[in-house]
Number of protein chains: 2
Amino acid sequence: MVQSATARRLEASGPGAEKRRREILGAASRLFRARGLHATGMREIAAALGMTAGNLYYYFPSKQDLLAYCQEETLGQLLDLARGGASGPRRTPDQRLRDLIEGHVTVLNEATPGSLAHLEVNEVAAARRASLLARRRSYETAIRRLIDAGVAAGTFRPVDSRLATLALLGALNWTVKWFQPDGRKSATEVGREFADLLLRGLLSGAPKHARAAGSPAAAAKRHERPGATSFNGSLSKRERGGSNGA
Amino acid sequence: MVQSATARRLEASGPGAEKRRREILGAASRLFRARGLHATGMREIAAALGMTAGNLYYYFPSKQDLLAYCQEETLGQLLDLARGGASGPRRTPDQRLRDLIEGHVTVLNEATPGSLAHLEVNEVAAARRASLLARRRSYETAIRRLIDAGVAAGTFRPVDSRLATLALLGALNWTVKWFQPDGRKSATEVGREFADLLLRGLLSGAPKHARAAGSPAAAAKRHERPGATSFNGSLSKRERGGSNGA
DNA sequence: AGAGAATTTGAACCGTGGTTCAAAGCGCGA
DNA sequence: TCGCGCTTTGAACCACGGTTCAAATTCTCT
């Protein structure tokens, strides 16, 4: 009960310590994202920086903390983004939302230090999760308010801002699953197109939208798929790892 | 080298076997989704059905297979959906896309047996992953073609159909992260609103969109956040599990 | 009832991976 | 150069969880 103050002072007090921590965080983040959270071991993270597994524990108390800090980092950047747009002079909600979308994609896919998204939030322990969720909620609220403002101003159609926010965030966060730095488009470009897509939608001219007459989810009702996926197919037991593409 | 044909016949040949497998698959799927793939152990899945861990191996050769089958199942339903819409008489691309969106959300969030999305694809071993990725690609292509068709017909604005598909799928797949069966809206309702949102976008009237004059991602450049997240905060070591909310 | 197959059990095996720790290195001021 | 903290090491610890297996139980058909 008294070890906290004393025992903890022993760890990482030097000048380069903070920088070192950034490096570790960076490597961890990169690996988490590339190979998955559970697939990356502490030894692996350490090896990526030419150091030893046990040495990591001189800078971070646990893997959990590594993950938590990654998320805090990213979340911090996103919140900065949201706040930054808010402080600007008089900009319309749609302009601000555009920038936010573009920035979001950029932060998630190009930012160097901690690029791990909200993904895997439930992997962090309860105590830390609470803080993360609170900040995430804050970010989501910011977006939602922006949409509400747009609706109030008449710029946006009257929509369920909660759902719209969720749809928006889904599209944006999902980018980490497929975006490739050496792909044909930069993160910022993707962000720009996404903004356009989400704000203007797909439809072109005056919507001659007749409510789909057919049965919408009727096809989904075919649950009884006879022998669709036979279980007795060839099953190669055991097989591990390998490189994972996008 | 000769065990395959012989040894495997010993497993699960009875009449109720197939039904049993469905049950297992269902429980696994439910748990995977609720507590996360790695958080759910075989013993847990077994316990959920009142059986024993080792008993599962009488029906499935490995946890990997459990996961793979879950994904195959879901993917199969989605492909059915895509094909179903295609076979219909003369329906416009936007109508078909609407239905597909609605169906997608429904399948992912209400379907009983295997509701695990494309998520976690890289968790399955190489051999099986290949098949899954192929089918997933097939599904994505179907959507993309739908969009292309819509563009060709003039119903949709000229967009990068690849990006549009990705944005769409992101929004849809992300629903599994927040959707709650006992929430205020059913999966189908959510799907319907999403369809509307994605097809029509947020903007209302004639877009008086002046290209955002300000610096778009300028705020994102603030990487040097001074002491924003101090690392020396209180760090509670060790802490495990706990219930995870959405 | 009884034989043989289908199913289930429970305990043990075992690799993996997060974590700890005492014993070195290393750097720098005195 | 000596000493003293900051760092790093490497090996070992240990629990967790997927998996195996031989024995026990249940089911079914005659």
Side-chain angles (χ1 to χ4, degrees), chain A residues 3 6-21 23-24 27-28 31-32 35-68 123-125 231-232 235-241, chain B residues 3-4 6-21 23-24 27-28 31-32 35-68 123-125 231-232 235-242:
Chain A
Q3 32 67 287
T6 357
R8 198 155 291 146
R9 199 176 328 174
L10 300 189
E11 300 179 352
S13 44
E18 200 74 359
K19 202 187 82 183
R20 196 68 156 148
R21 265 193 267 254
E23 292 174 354
I24 295 176
L31 285 173
F32 282 163
R35 334 198 9 144
L37 175 60
H38 293 280
T40 26
M42 293 300 261
R43 302 171 224 264
E44 205 172 343
I45 298 175
L49 287 103
M51 60 168 107
T52 246
N55 195 13
L56 288 183
Y57 289 83
Y58 185 70
Y59 296 96
F60 288 94
S62 75
K63 190 184 181 182
Q64 282 263 340
D65 289 79
L66 231 36
L67 175 61
E123 299 288 358
V124 314
F231 294 107
N232 293 324
L235 304 175
S236 66
K237 277 196 179 182
R238 194 136 330 143
E239 202 164 352
R240 180 63 61 101
Chain B
Q3 32 68 284
S4 59
T6 357
R8 201 156 289 144
R9 201 173 331 172
L10 299 189
E11 298 177 352
S13 45
E18 200 75 358
K19 203 187 82 184
R20 196 68 155 149
R21 264 192 268 253
E23 292 174 358
I24 296 176
L31 286 173
F32 283 163
R35 347 215 336 165
L37 174 60
H38 292 279
T40 27
M42 293 300 261
R43 301 171 223 265
E44 205 172 343
I45 298 174
L49 285 104
M51 59 170 110
T52 247
N55 196 12
L56 288 182
Y57 288 84
Y58 184 70
Y59 296 96
F60 287 95
S62 75
K63 190 182 183 184
Q64 282 263 340
D65 289 78
L66 231 37
L67 174 62
E123 300 285 359
V124 314
F231 294 106
N232 294 325
L235 305 175
S236 66
K237 276 195 182 184
R238 193 140 329 146
E239 203 164 351
R240 177 67 59 104

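Below, read A as the first sequence line, B as the second, and so on, with proteins coming before strands; counting in each chain starts at 1.
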On DNA chain C, does the nearest nucleotide to A/N55 precede the nearest nucleotide to A/A39 from the 5' side, or the other way round? Give the residue.
A/A39

Atom-pair distance (CE on A/M51; C1' on C/dA24), nearest Å:
18 Å

Answer with base, sugar-phosphate or nothing: what part of the nucleic acid does A/G41 contact at a heavy-atom distance below 4.0 Å?
sugar-phosphate

Picking from C/dT8, D/dG18, D/dT7, the nucleotide nearest the side-chain atoms of B/Y57 would be D/dG18

Could you grab the distance from atom CD of B/E23 to atom CE of B/M51, nearest 0.5 Å is fine?
6.5 Å

If you only use heavy atoms from C-beta on, which nucleotide in D/dG10, C/dT19, C/dA12 is closest to the side chain of A/M42?
C/dT19

Check the distance between C/dG18's P and A/L66's CG and give it to me in whole angstrom.
10 Å

Want to settle it: does A/T52 or A/R43 sit nearer the 5' end of DNA chain D, counting the closest nucleotide to each?
A/T52

What heavy-atom pair brings B/L49 and B/I24 nearest, and what distance separates the two atoms?
CD2-N, 4.0 Å

Nucleotide nearest A/Y58 when distance is taken to its side chain, options D/dT8, D/dG17, C/dT8
D/dT8

Starting the side chain at C-beta, find the nucleotide from D/dT19, C/dG10, C/dG17 nearest to B/S62.
D/dT19

Taking the minimum atom-to-atom distance to the side chain of A/A17, which one of D/dG17, D/dG10, D/dT7 wins?
D/dT7

In whole angstroms, the gap separating P of D/dG18 from CZ of B/F32 amounts to 8 Å

Value for CZ (B/R20) from CG (B/L56), rounded to nearest 0.5 Å, stands at 9.0 Å

Distance-minimising heavy-atom pair for B/L37 and B/K63:
O-NZ, 3.3 Å

Rounding to a whole Å, what distance do you find between B/K63:NZ and D/dT20:P?
15 Å

Rounded to whole Å, the OH-C1' distance (B/Y59 to D/dT19) equals 18 Å

As a quick check of understanding, evaluate side-chain contact (heavy atoms from CB on, under 4.5 Å) for A/F60 and A/M42, giving each step before the final call.
CA-CA 11 Å; A/F60 288 94; A/M42 293 300 261; 5.9 Å; no

Whole-Å distance, A/R20 CZ to D/dT9 P, equals 8 Å

Specify the separation, in whole Å, of atom CG of B/L37 and atom C1' of D/dG18.
12 Å

Between P on D/dT19 and CD1 on B/I45, what's the gap in Å once rounded to a whole number?
10 Å

